[in-house]
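Let me begin by presenting the structure, written as structure tokens, before commenting on it.
All values below were derived from every heavy atom in this structure, side-chain atoms included, with hydrogens, water molecules and symmetry-related copies excluded.
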Amino acid sequence: GKFPTLAKADDFFLSGLDIPRSTLNPLGSNVTHITMDLIPGLNTLNIFLAHLDFAPNGMNPPHTHPRATEVLQVLKGTIYAGFVTSNPNRHFTKILN
């Protein structure tokens, strides 16, 4: 990783996220994982980013993010997402616009 005092503004930027990726596969989706190698400013921030492209009726298979927060931003269309919590009180926050 990059030493924090050497960080520059460009270390927090990644071009090309506006370019759709191919969804020509059985799931009809494409996940681009964005790592510290692509955005060095993520170093030690404990943030995980991903860019997802979906074809109509495409899906991202069920998966887990133990003890993590997930934020979704839909730029075009509608996405249906289900969340299962490991919180024993079954409390979670849902925000709708």
Would you compute the distance between atom CG of N57 and atom OG of S29 and round it to the nearest 0.5 angstrom?
12.0 Å
Once salt bridge (Lys or Arg N to Asp or Glu O under 4.0 Å) is applied, what residue pairs with a partner in residues 14-42 remain, sequence neighbours excluded?
none
When clusters are formed from ILVMFWY side-chain contacts under 4.5 Å, directly or step by step, what else is grouped with L52?
V31, F54, V74, I79
Are any non-hydrogen side-chain atoms of L42 and T35 less than 4.5 angstrom apart?
no
Under the side chain to side chain donor-acceptor pair (under 3.5 Å) test, which residues partner H33, sequence neighbours left out?
none
Distance in Å, L14 CG paired with I39 CD1, rounded so as to fall on 0.5 Å steps:
4.5 Å
For F12, side-chain contact (heavy atoms from CB on, under 4.5 Å) partners two or more places apart
A7, L45
Which residue pairs pass the side-chain hydrogen bond (donor to acceptor under 3.5 Å, both in side chains) test with at least one member in residues 4-14, sequence neighbours excluded?
K2-D11
For D53, what residues pass the side chain to side chain donor-acceptor pair (under 3.5 Å) criterion, not counting sequence neighbours?
H51
Mind listing the closest non-hydrogen atom pair of G28 and N25 along with its distance?
N-OD1, 2.9 Å
